[in-house]
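In what follows, a structure is listed as structure tokens, so that the remarks can point back to it.
In the text below, chain A, chain B and the rest are named by the order of the sequence lines, each starting its count at 1.
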Protein chains: 2
Amino acid sequence: MAVSVEHLKTIPERVFQQLREAIVEGTIPAGTKISEAELAQTYGISRGPLREAISQLAAMGLVERRANVGARVIQMSSDHLLDIFRVREALEGMAARLAAAKMTPEQVQTLMETLDQHGETINEDAGNNYFQESGDLDFHYQVVMGSGSDHLIKLLCNDLYYLVRLYRYQFGMRSKRGPIAIVEHRNIAEAIARGDGEMAELLMRSHIRASRENVERLLTQQN
Amino acid sequence: MAVSVEHLKTIPERVFQQLREAIVEGTIPAGTKISEAELAQTYGISRGPLREAISQLAAMGLVERRANVGARVIQMSSDHLLDIFRVREALEGMAARLAAAKMTPEQVQTLMETLDQHGETINEDAGNNYFQESGDLDFHYQVVMGSGSDHLIKLLCNDLYYLVRLYRYQFGMRSKRGPIAIVEHRNIAEAIARGDGEMAELLMRSHIRASRENVERLLTQQN
DNA sequence: TACAATTTAATTGTCGACAATTTTAGCGGT
DNA sequence: ACCGCTAAAATTGTCGACAATTAAATTGTA
């Protein structure tokens, strides 16, 4: 997932992004203690900027910080995970509604092409969950961007989606909902394309709810 | 609005809260440049901890920060304000739905008593918007807490509600929806009390949407 | 050996000084 | 008087060292 990088002017920003990626990708495993001295040396910087980066990570919920003790990479509980789905259902439902009203024809066109591509990918390679999951976020990302809401974009694209990626790594569950999700995506996109915000929200919420219920099933049968 | 204060152990936390309150209350007016040197001297601290506090303010959207330039208190645009309402509609709708399922009888009891009190206050003193507005947030606060969702609580109570308070100061509009809002609050509370999550969400969203449309009207006729 | 208290070590929190960047002030030319 | 350029001042970014707190190790005792 390429992230626009143009202005990593300041050290905290750059280190924040690097740490965020390392945590999400699992390079720094869940529960790991974030040692300031160690990381400062690793990145060749002072502890000041590093602390600011850690604060940002704490603010978005990727690490938990306790005064005079330090920060640890969060390890997600089932409750925490299901909670995220509920917030996504609310926010992305609204995003879909707004996208139906505000997306430009070009954006809709791009969205459709993305879906076509996902459909092919899944046929060619039914077992590969990587592209599947990555593609899933791609779709949601585009819808949120299409909503034109700065707050929704910030909350979802800058915060929640990283938690989603983290959970996918930590729980590592293969969903098998891929083909169904593709169809649901297409239905949502068509509602957006015809400007039916009400329906777009309904379908998006239903889509995320189904995803949550699926995860809920996997969690209960696995414990 | 009393905030639990038990552990303002570290300087950044304490200063963050103080600055947040000063900004929301208008003590530091909109658009004001946040001078690090000046504030550090004012609070009698070093610039390090102060910068962390400013980062937190930037993360929650109360100030805007630019590298090598500094931070300024945000001045809310109409678009920004309406955007907040849409996010609130989505999040608080979900909060009400969850609250209907998870609120304890004691919490419901407290909620009802709060509403009784608001009703009296408004009758005694129909023109006083202070208690009205303050009471409004009180109600929403209790519902969100009742949802039991850590994420919703964080997003709404720790972030968005401060922006709401800020906008109420910056725009300073007297809504006159007070009596109507009270009735809407009561309907929402009753839906929650009887465990009807679907209806609670519907009513909450309708309530916030009405509030937004009212603000929208005031904005267009005033410009 | 197990446990508790005390001392030691390691880690986080805070500070003051220096470096880099931006903004302001001053100057000369047209 | 106005505009562009240069230099100075002010502000933010970064660093290294010290203080305060917490976690670990050691010792003493039952």
**Message:** Please list all pairs meeting ring-ring contact (aromatic ring centres under 6.0 Å, His included) that have one or both residues in residues 33-53 of chain B, counting only residues at least two apart or in different chains.
**Reply:** none
**Asked** Which parts of nucleotides 10-21 of chain C does protein reach within less than 4.0 Å, heavy atoms only, written one letter per nucleotide 5' to 3' as B for base, S for sugar-phosphate only and - for none?
**Response** -SBBBBB----S
**Qualifying residues under salt bridge (charged side-chain N to carboxylate O under 4.0 Å, His left out), relative to Lys33(A), sequence neighbours excluded** = none
**Request:** Quick one: list whatever passes salt bridge (charged side-chain N to carboxylate O under 4.0 Å, His left out) with Lys154(B), sequence neighbours left out.
**Result:** Asp159(B)
**Under the salt bridge (charged side-chain N to carboxylate O under 4.0 Å, His left out) test, residues paired with Glu25(B) that sit two or more places apart** = Arg165(B)
**Complete:** Contacts satisfying salt bridge (charged side-chain N to carboxylate O under 4.0 Å, His left out) that involve residues 70-94 of chain A (not counting sequence neighbours) are Arg88(A)-Glu92(A), Glu89(A)-Arg205(A), Glu89(A)-Arg209(A), Glu89(A)-Arg212(A)
